[in-house]
Colleague: 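Once you've had a glance at the structure underneath, I'll fire off some questions.
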Amino acid sequence: MNQPQHPPVTPALTSRLPRVGTTVFTRMSQLAAESGAVNLGQGFPDFACEPALVDLVTEAMRSGHNQYPMMTGVPALRAAIVAKIAAIYGHQYDANTEITVTAGATEALTTAILCCVHPCDEVIVIEPAYDSYLPAIALAGGVPVPVQMTVDADGYRVPWDQVAAAVTPRTRLIIVNTPHNPTGSVLRAADLHALADIVRGTHMLILSDEVYEHMVYDGQRHESMCRYPELAARSFVVSSFGKTYHVTGWKVGYVAAPAALSAEFRKVHQYNVFSVNTPMQHGLAGYMADPAPYQQLPAFYQRKRDLFRDGLQGSRFELLPADGTYFQCVRYDRISSLPEAQFAEWLTSEIKVAAIPVSAFYQRSQESGIVRFCFAKKEETLALALQRLTSI
């Protein structure tokens, strides 16, 4: 057999996501590591989860729960999810037909989009928006229709009149996120009533990203789609155990949706990841028997929020409201006129505190002079970051 005269050549590939590169979270975390900066950029805790949860997972592994679980999720975990939703929000889902355990919330979001968005369908995306939404819409062949939140001294708000104006006969899905990443804002009852007015009498669906559902502060309640039967009837509601129990690396989440929507969701899910790691599901099911960990979460994170906000009060940063999530947005116009990405890079390399530019959460970069910090950190981590930030 004749040997080839030239080195092997990899054929060219036409990208399904030609405008997607390395995420801003990866870039800023890498820069933080290279600069020796305190990483308040990427949204994950730097503290451990409760040892009791690890013990339950270890027990599950030693008990032999190491093979494929049911595609829809371990029955005990689905039952625990149903009980929690009913207790908090008063909505009764069917554990067998309406709850699906997913490989993290991002898989849940992507699968929900892929199962219901067809080529040329329009999807209303409220910006700034979590960065997985747009690539998933592109993979589905859908058309994103951005509507930008307004922002002033009172924080970020959804302009529902503009959302209503964006609806066309081709609108298939509206994506909402509360508590909101990256802004830290939360939807209130009036917002959900406005949303209900928009979708009533239409065939539109709702994808509700509620991964920070247990991080709402100052005595406010989380306004889940599950609280409103009219909205729940057309919603995929997504949540995350990683966020709730400080185990983001486990990548376990879930979707609650009416049986007809769940059936279509599961068609995509089964050929995407099929199922989710078994021992973690058993451990989480056992841990959920005690509601105290998620009931105490608002107070736990509010203490961190208040520590961080109090520490920045005398600084040159302008604090925006942070009603939910574990993120704090700040204006920096009293410090610099740099664009957000450049300011975040300067902050990371020179001041040694990493942040995320909010402009990264728009389809087309939108400059507002705002960056986002994550306060899901140990007190000593926050203290070091505050020392550096207040020195500017």
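Starting from 1, each residue takes its place in the sequence as its number.
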Colleague: Do L347 and L389 touch side chain to side chain, with heavy atoms closer than 4.5 Å?
Modeller: yes
Colleague: Would you say R78's side chain and A95's backbone share a donor-acceptor pair under 3.5 angstrom?
Modeller: yes
Colleague: Can you confirm if the aromatic rings of F241 and Y287 lie within a centre distance of less than 6.0 Å?
Modeller: no
Colleague: Can you find a pair of side-chain heavy atoms, one from I126 and one from N177, that are under 4.5 Å apart?
Modeller: no
Colleague: Ignoring hydrogens and angles, tell me if any N or O in the side chain of D46 forms a donor-acceptor pair with the backbone of K378 under 3.5 Å.
Modeller: yes
Colleague: Walk me through it: do L195 and D191 pass the test side chain to side chain contact (heavy atoms under 4.5 Å, CB included)?
Modeller: CA-CA 6 Å; L195 177 60; D191 294 297; over 6 Å; no
Colleague: Are more than 12 heavy atoms, taken from residues, nucleotides or ligands other than Y68, located less than 6.0 Å from that residue's OH atom?
Modeller: no
Colleague: Should L56 and L284 be regarded as members of a common hydrophobic cluster, given that ILVMFWY residues are connected when their side-chain heavy atoms come within less than 4.5 Å of each other, either directly or indirectly?
Modeller: yes
Colleague: Between A166 and T171, what is the shortest heavy-atom contact and its length?
Modeller: O-OG1, 4.0 Å
Colleague: Taking the side chain as every heavy atom from C-beta outward, state whether T248 and P45 have any atom pair closer than 4.5 Å.
Modeller: yes
Colleague: Is there a path of hydrophobic side-chain contacts, each under 4.5 Å between heavy atoms of I, L, V, M, F, W or Y residues, that connects L114 with L173?
Modeller: no
Colleague: Is Q42 close to M28 at the side-chain level, that is, under 4.5 Å between some pair of heavy atoms?
Modeller: no
Colleague: Would you indicate whether E230, at its atom CD, is surrounded by more than 12 heavy atoms from other residues, nucleotides or ligands within a distance under 6.0 Å?
Modeller: yes
Colleague: Does any non-hydrogen side-chain atom of Y133 lie less than 4.5 Å from one of P144?
Modeller: no
Colleague: Is it the case that over 12 heavy atoms from other parts of the model lie below 6.0 angstrom from the CD atom of E379?
Modeller: no
Colleague: Taking E122 for the side chain and V167 for the main chain, is one N or O donor matched with an acceptor at less than 3.5 Å?
Modeller: no
Colleague: If you measure from CZ on F265 to OG1 on T100, what distance do you get to the nearest 0.5 Å?
Modeller: 5.5 Å
Colleague: Taking all heavy atoms of P357 and all of V371, pick out the closest pair and write down the distance.
Modeller: CA-CG1, 4.1 Å
Colleague: Evaluate side chain to side chain contact (heavy atoms under 4.5 Å, CB included) for H118 paired with R172, printing each intermediate quantity in order.
Modeller: CA-CA 9 Å; H118 293 253; R172 185 60 179 142; 5.7 Å; no
Colleague: Identify the two heavy atoms, one from A37 and one from T348, that lie closest to each other, and give their separation to 0.1 Å.
Modeller: CB-O, 3.5 Å
Colleague: Can you see whether E50 engages H246 through a side-chain donor-acceptor pair at a distance of less than 3.5 angstrom?
Modeller: no
Colleague: Taking atom CD of E34 as the centre, does the number of heavy atoms from other residues, nucleotides or ligands within less than 6.0 Å exceed 12?
Modeller: yes
Colleague: Report whether I88 and V82 are members of the same hydrophobic cluster (ILVMFWY, side-chain heavy atoms less than 4.5 Å apart, transitive linking).
Modeller: yes
Colleague: Would you tell me whether E223 and Y228 have side-chain atoms, one donor and one acceptor, within less than 3.5 Å of each other?
Modeller: yes
Colleague: Yes or no on side-chain hydrogen bond (donor to acceptor under 3.5 Å, both in side chains) for H269 and E107, after CA distance, side-chain angles and deciding distance?
Modeller: CA-CA 8 Å; H269 170 76; E107 188 255 318; 3.1 Å; yes
Colleague: State, with a plain yes or no, whether a side-chain heavy atom of L312 is found less than 4.5 Å away from one of L386.
Modeller: yes
Colleague: What pair of heavy atoms forms the shortest contact from L320 to D152, and how long is it?
Modeller: CD2-O, 3.7 Å
Colleague: Verify, without hydrogens or angle tests, whether N39 (side chain) and G41 (backbone) share a donor-acceptor contact under 3.5 angstrom.
Modeller: yes
Colleague: Has R331 got a side-chain atom pairing as donor or acceptor with S368's backbone, closer than 3.5 angstrom?
Modeller: yes
Colleague: Decide yes or no on side chain to side chain contact (heavy atoms under 4.5 Å, CB included) for F361 and I356, but give the supporting numbers first.
Modeller: CA-CA 10 Å; F361 295 86; I356 297 292; 3.5 Å; yes
Colleague: Can any side-chain N or O of E127 pair as donor or acceptor with the backbone N or O of Q363 at less than 3.5 Å?
Modeller: yes
Colleague: Atom CE in M204, atom CD1 in I124: separation rounded to 0.5 Å?
Modeller: 6.5 Å
Colleague: Begin from the C-alpha positions of Y212 and Y326 and carry the test ring pair (Phe, Tyr, Trp, His ring centres under 6.0 Å) through to its verdict.
Modeller: CA-CA 8 Å; Y212 299 99; Y326 45 51; 5.3 Å; yes
Colleague: Between K352 and S349 (side chain of the first, backbone of the second, donor and acceptor by atom type, cut-off under 3.5 Å), is there such a pair?
Modeller: yes
Colleague: Are side-chain heavy atoms of V57 and W250 found at a separation under 4.5 Å?
Modeller: yes
Colleague: Which of these passes side chain to side chain donor-acceptor pair (under 3.5 Å) with S239: E213, H214, K84, E210?
Modeller: E213
Colleague: Can you classify the ring geometry of Y130 versus F25 as parallel (below 30°), tilted (30 to 60°) or perpendicular (above 60°)?
Modeller: tilted
Colleague: If I take atom CG from residue N181 and atom CG from residue D209, how far apart are they, to the nearest 0.5 angstrom?
Modeller: 8.0 Å
Colleague: May I ask you to decide whether E264 forms a salt bridge with K267, counting only side-chain N to carboxylate O separations under 4.0 Å?
Modeller: yes
Colleague: Within the structure provided, determine whether K377 and V38 are in side-chain contact (heavy-atom separation under 4.5 Å).
Modeller: no
Colleague: If you look at every heavy atom in V358 and P182, which pair is closest and at what distance?
Modeller: CG1-CG, 4.3 Å
Colleague: Which residue, R303, Q302, K304, forms the side-chain contact (heavy atoms from CB on, under 4.5 Å) with D306?
Modeller: Q302
Colleague: Is it possible for you to say whether V199 and L205 belong to one hydrophobic cluster, with membership spreading through side-chain heavy-atom contacts below 4.5 Å?
Modeller: no
Colleague: Do Y93 and V237 pass the side chain to side chain contact (heavy atoms under 4.5 Å, CB included) test, and can you show the C-alpha distance, the side-chain angles, and the key distance before you say yes or no?
Modeller: CA-CA 11 Å; Y93 285 98; V237 179; 4.2 Å; yes
Colleague: Using 30° and 60° as the class boundaries, would you call the ring planes of Y217 and F375 parallel, tilted or perpendicular?
Modeller: tilted
Colleague: Identify whether I137 and V238 are in the same connected component of the hydrophobic contact network (ILVMFWY, side-chain heavy atoms under 4.5 Å).
Modeller: yes
Colleague: Grab the two heavy atoms, one from V216 and one from P298, that are nearest each other, plus how far apart they are.
Modeller: O-CB, 3.5 Å
Colleague: Answer yes or no: is there a donor N or O on one side and an acceptor on the other, between the side chain of E98 and the main chain of A259, under 3.5 Å?
Modeller: yes
Colleague: For V330, is there any backbone N or O sitting under 3.5 Å from a side-chain donor or acceptor partner on E318?
Modeller: no
Colleague: What distance separates I351 CD1 from I392 CD1, expressed to the nearest 0.5 Å?
Modeller: 4.5 Å
Colleague: Rounded to the nearest 0.5 Å, how far does OH of Y156 lie from OG of S185?
Modeller: 9.0 Å
Colleague: Rounded to the nearest 0.5 Å, what's the gap from CZ on R188 to OG1 on T178? Could you check?
Modeller: 8.5 Å
Colleague: Report the C-alpha distance between H180 and F327 in whole Å, list the side-chain angles of each, state the deciding distance to 0.1 Å, and finish with yes or no for ring pair (Phe, Tyr, Trp, His ring centres under 6.0 Å).
Modeller: CA-CA 9 Å; H180 187 263; F327 300 118; 9.9 Å; no
Colleague: Sub-3.5 Å donor-acceptor pair from the side chain of R227 to the main-chain atoms of H222, do we have one?
Modeller: yes
